[in-house]
Protein chains: 2
Amino acid sequence: MKALTTDDCDRNDVYAAACPCRDMLDLLANKWSALAIGALEDGPVRFGVLKNQLQGISPKVLSSTLRKLEEHGLVDRTVFAEVPLHVEYSLTPLGKSAGAPLAHLRDWVEENMTSPV
Amino acid sequence: MKALTTDDCDRNDVYAAACPCRDMLDLLANKWSALAIGALEDGPVRFGVLKNQLQGISPKVLSSTLRKLEEHGLVDRTVFAEVPLHVEYSLTPLGKSAGAPLAHLRDWVEENMTSPV
DNA sequence: GACAGTAGTACCCATTGGGTACTATGGACG
DNA sequence: CGTCCATAGTACCCAATGGGTACTACTGTC
């Protein structure tokens, strides 16, 4: 993955291959990302709880999903060095703002599958 | 992919692994699907035009993306048996209604990448 | 006959998605 | 002292998918 900056395109345009916002679209336009961000909207959630909430996700995939979200500044990871050790994931302000469009998407899906033909 | 029906879950819930709406979420929560549906919002578009508009997509990936959208009833494929033969893709009513949440998502991405750190 | 424009498909490969089993840590239990 | 629990991942492996390039098919035009 090349390191792109906004200089690579005049204006942010998801239809432009070189635009860095493609990376962000690719990140968010993903089943697990959309579900994870939704699950974090009500406040910090621990790894194990997320794993139960996102039914069917494996720990490895959850781990990599969260890491990608963290790298893009959408999620914060906080370690509590207690016993037993636990970790809380929470949305950054940016992550919170991304929650709205993703919630629309999840809602649309749920509302438009009532009659799956 | 198993053939699931809404009977597999009490209510449509994207967080339930067995819910058929997972398939739909997986389909829509995808970079190319989100871009393709956006590109079709202004009316029918031909294969080659789509290929140019979705910069960076290869014909194979575009073809499979459109086929999946068609299978899920979001897109119609119309062949014009003229010379040279051409094909128009257009949104079904369901596809049109899916356009709104996806537009929100694309807009959010473009508006929140102005300062890519 | 060669070439152009249409919409794909065939073939191949690298990347990723994904599952299962395992690690590390420390406390409670017996 | 050994075992089991809980925590949050990682290691390892495999299959599916994403993706690129080259090619096909059809017909009209030059």
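Protein chains get the first letters and strands the later ones, always in sequence-line order, with residue 1 at the start of each.
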Between A:D26 and A:R22, is there a donor-acceptor pair closer than 3.5 Å when you use the side chain of the first and the backbone of the second? no
Nucleotide C:dA7, atom P - distance to CD of B:E70 in whole Å: 15 Å
Please round to the nearest 0.5 Å and tell me the distance separating atom OG of B:S97 and atom CD of A:E111. 10.0 Å
Within the sub-3.5 Å range, which N or O atoms of nucleotides 13-16 of chain D have a protein N or O partner, and how far apart are they?
none

Rounded to the nearest 0.5 Å, what separation is found between the OG atom of A:S33 and the CG atom of A:L66? 8.5 Å
Show the numbers, then the answer: is there a side chain to side chain contact (heavy atoms under 4.5 Å, CB included) between B:N112 and A:L94? CA-CA 8 Å; B:N112 287 274; A:L94 185 65; 3.7 Å; yes
Euclidean distance, B:L25 CG relative to B:N12 CG, rounded to 0.5 Å: 11.5 Å
Out of curiosity, A:T65 OG1 to A:L35 CG, how far, rounded to the nearest 0.5 Å? 9.5 Å
Atom pair distance, as rounded to whole Å: CD in A:E82 and P in C:dG26: 14 Å
Under 3.5 Å donor-acceptor, A:W32 side chain and A:I57 backbone: no
All N/O contacts under 3.5 Å from nucleotides 23-30 of chain D to the protein, with atom names and distances to one decimal?
none

Main-chain N/O of B:G73 paired with B:T92 side-chain donor or acceptor, under 3.5 Å: yes
Which pairs with one or both residues in residues 75-96 of chain A pass ring pair (Phe, Tyr, Trp, His ring centres under 6.0 Å), sequence neighbours excluded? A:F80-A:H86
Could you tell me the separation between the CG atom of B:N30 and the NZ atom of B:K68, rounded to the nearest 0.5 Å? 6.0 Å
To the nearest 10 degrees, how far apart in direction are the end axes of the helix from C:dG1-D:dC30 to C:dG30-D:dC1, each fit to five base pairs? 30°
I'd like to check A:L102 versus B:H104 (side-chain heavy atoms, cut-off strictly below 4.5 Å). Are they in contact? no
Side chain to side chain contact (heavy atoms under 4.5 Å, CB included) between A:L91 and A:D76, intermediate numbers included: CA-CA 6 Å; A:L91 292 181; A:D76 271 337; over 6 Å; no
Closer than 4.0 angstrom, basic N to acidic O: yes or no for A:E41 and A:R106? yes
For A:L74 and A:A98 the tightest heavy-atom approach is CD2-CB, 4.3 Å
In numerical order, the residues of residues 24-36 of chain B whose heavy atoms come under 4.0 Å of DNA chain C are none
Find the distance B:R67:CZ to C:dA7:P and express it as a whole number of Å. 15 Å
Any chance you could measure A:S64, atom OG, to A:L69, atom CG, to the nearest 0.5 Å? 9.5 Å
Donor-acceptor check, side chain of B:E88 to backbone of B:R77, threshold 3.5 angstrom: yes or no? no
Separation of D:dA8 atom C1' from A:H86 atom NE2, nearest Å, is 11 Å
Ignoring backbone atoms, test whether A:S63 places a side-chain nitrogen or oxygen under 4.0 Å from the OP1 or OP2 oxygen of D:dT10. yes
Would you mind reading off the distance between A:L66 atom CG and D:dT10 atom P, rounded to a whole angstrom? 10 Å
Pick base, sugar-phosphate or nothing for A:F80, based on heavy-atom distances below 4.0 Å to the nucleic acid. nothing
Atom NZ of B:K68 to atom P of D:dG19: distance rounded to whole Å? 9 Å
For B:V61, which contact category applies under a 4.0 Å heavy-atom criterion: base, sugar-phosphate, or nothing? base
Give me the residues of residues 40-58 of chain B where at least one heavy atom lies under 4.0 Å from an atom of DNA chain D, by number, or none. B:G56, B:S58
